[in-house]
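Lettering of chains follows the sequences in order, A, B, ..., and the numbering in each one begins at 1.
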There are 2 protein chains.
Amino acid sequence: MTRPIPDEDFFDPACPSSAMPIRVGEKWGGMVVVLLENGPLRFTELKRPMRAVTSKVLTETLRSLERDGMVTRTAYAEVPPRVEYELTDLGRTLLAPIQACRDWAAANLPALLEARAGWDG
Amino acid sequence: MTRPIPDEDFFDPACPSSAMPIRVGEKWGGMVVVLLENGPLRFTELKRPMRAVTSKVLTETLRSLERDGMVTRTAYAEVPPRVEYELTDLGRTLLAPIQACRDWAAANLPALLEARAGWDG
DNA sequence: GATACCGGTTACTTCAACGGAACCAATGGC
DNA sequence: GCCATTGGTTCCGTTGAAGTAACCGGTATC
């Protein structure tokens, strides 16, 4: 009995998981979702824990998540401005795969780094 | 009781999950791991199901996974050449987070695309 | 002699993500 | 009058991932 080798139809031509709105290991999208897990936050409340992010990149990240229906943006007509970002139900579904990846990193990152150090050096 | 807002130490400065060797939604790395799940495959056996990938990009993807200790490369001194790629134990640990992301896409991709169509349109 | 096969390599180009710095409006406080 | 605050925007540049096309050695087959 020979093991079947995947043929050219093994993957969906428009590979669905390629369309995931955030990438694991992506720099910022996953952080935003995790930060919003316990309720809405303001722009600066998101920005503070994500130390290295610039306003520009955080704005881009949030717009992208908003476009994909993962977060909502609510602006209040106050001065100074107040804007709140909140996870949608759809956005909340991202928590499971994100957690799976965080768990992976917690368990296996040392082994990865060791392999990489050996390869590089 | 006010909800605690994450401060600047919420994330590890060198955010560990940012170092995941493949990215979900990444174009090729995840496919390679999934294809190798049931045993070693040759270069062309990997390339065939990944229709759109070029030799160059597949080589780069495999080198990167090899560097991170996720796959091994075994070349046999034959003509024509034979090279087999195989998942390591470490590489096998990637199957869980990848599956979590494939499950996510299967369940939620339609909702994402709908949100995106509404936003764009 | 020409062609096909396998597992690539090399040079060049394109594109998106990311980053730095400057700037903004409206208001409140000193 | 001057500065600080909030939530951004704009311009510019860098980087890396990805794609295109051409080419390779060594053998076997036609």
[Y] backbone acceptor or donor facing [X] side chain under 3.5 Å:
X     : Y     : result
A:T61 : A:V57 : yes
A:R92 : A:E37 : yes
A:T44 : A:K47 : no

Residue pair A:T59, A:K56: steps toward the side chain to side chain contact (heavy atoms under 4.5 Å, CB included) verdict: CA-CA 5 Å; A:T59 301; A:K56 171 180 160 285; 5.9 Å; no

Base C:dG7 paired with B:K47 side chain (donor-acceptor, <3.5 Å):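 By the distance-only test, no, there is no pair.
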
Position toward the 5' end of DNA chain C (nearest nucleotide), A:K56 or B:R42: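 This one resolves to B:R42.
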
Touch class at under 4.0 angstrom, heavy-atom based, for B:Y85 against every strand present: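 B:Y85: backbone/sugar contact only, no base atoms under 4.0 Å.
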
Touch class at under 4.0 angstrom, heavy-atom based, for B:T44 against every strand present: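 Here B:T44 touches the backbone only, sparing every base.
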
Side-chain N,O (A:R73) to OP1/OP2 (D:dG7) below 4.0 Å: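 No, no such contact exists.
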
Phosphate-side-chain proximity, A:R82 and C:dA26, N/O vs OP1/OP2 below 4.0 Å: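 So the side-chain polar atoms of A:R82 never come under 4.0 Å of the phosphate oxygens OP1 or OP2 of C:dA26.
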
Integer-rounded Å distance: [N] [atom2] and [X] [atom1]:
X     : N      : atom1 : atom2 : value
B:M31 : D:dA18 : CE    : C1'   : 13 Å
A:W28 : C:dA17 : CH2   : P     : 15 Å
B:E78 : C:dC5  : CD    : C1'   : 13 Å
A:E45 : D:dG8  : CD    : P     : 13 Å
B:R48 : C:dC5  : CZ    : P     : 12 Å
A:L41 : D:dG8  : CG    : P     : 14 Å
A:E60 : D:dG8  : CD    : P     : 13 Å
B:R63 : D:dA18 : CZ    : P     : 16 Å

State which of [options] makes the closest approach to the side chain of [X].
X     : options               : answer
A:V57 : C:dG19, C:dT9, D:dG8  : C:dG19
A:P81 : D:dA18, C:dG8, D:dG7  : D:dG7
A:T54 : C:dA26, C:dG19, C:dG8 : C:dG19

B:R73/B:L62 under side chain to side chain contact (heavy atoms under 4.5 Å, CB included): CA gap, chis, key distance, verdict: CA-CA 9 Å; B:R73 176 183 187 276; B:L62 288 167; over 6 Å; no

Residue whose nearest DNA chain D nucleotide is more 5′ - B:V53 or A:P80: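 Nearest-nucleotide comparison on DNA chain D picks A:P80.
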
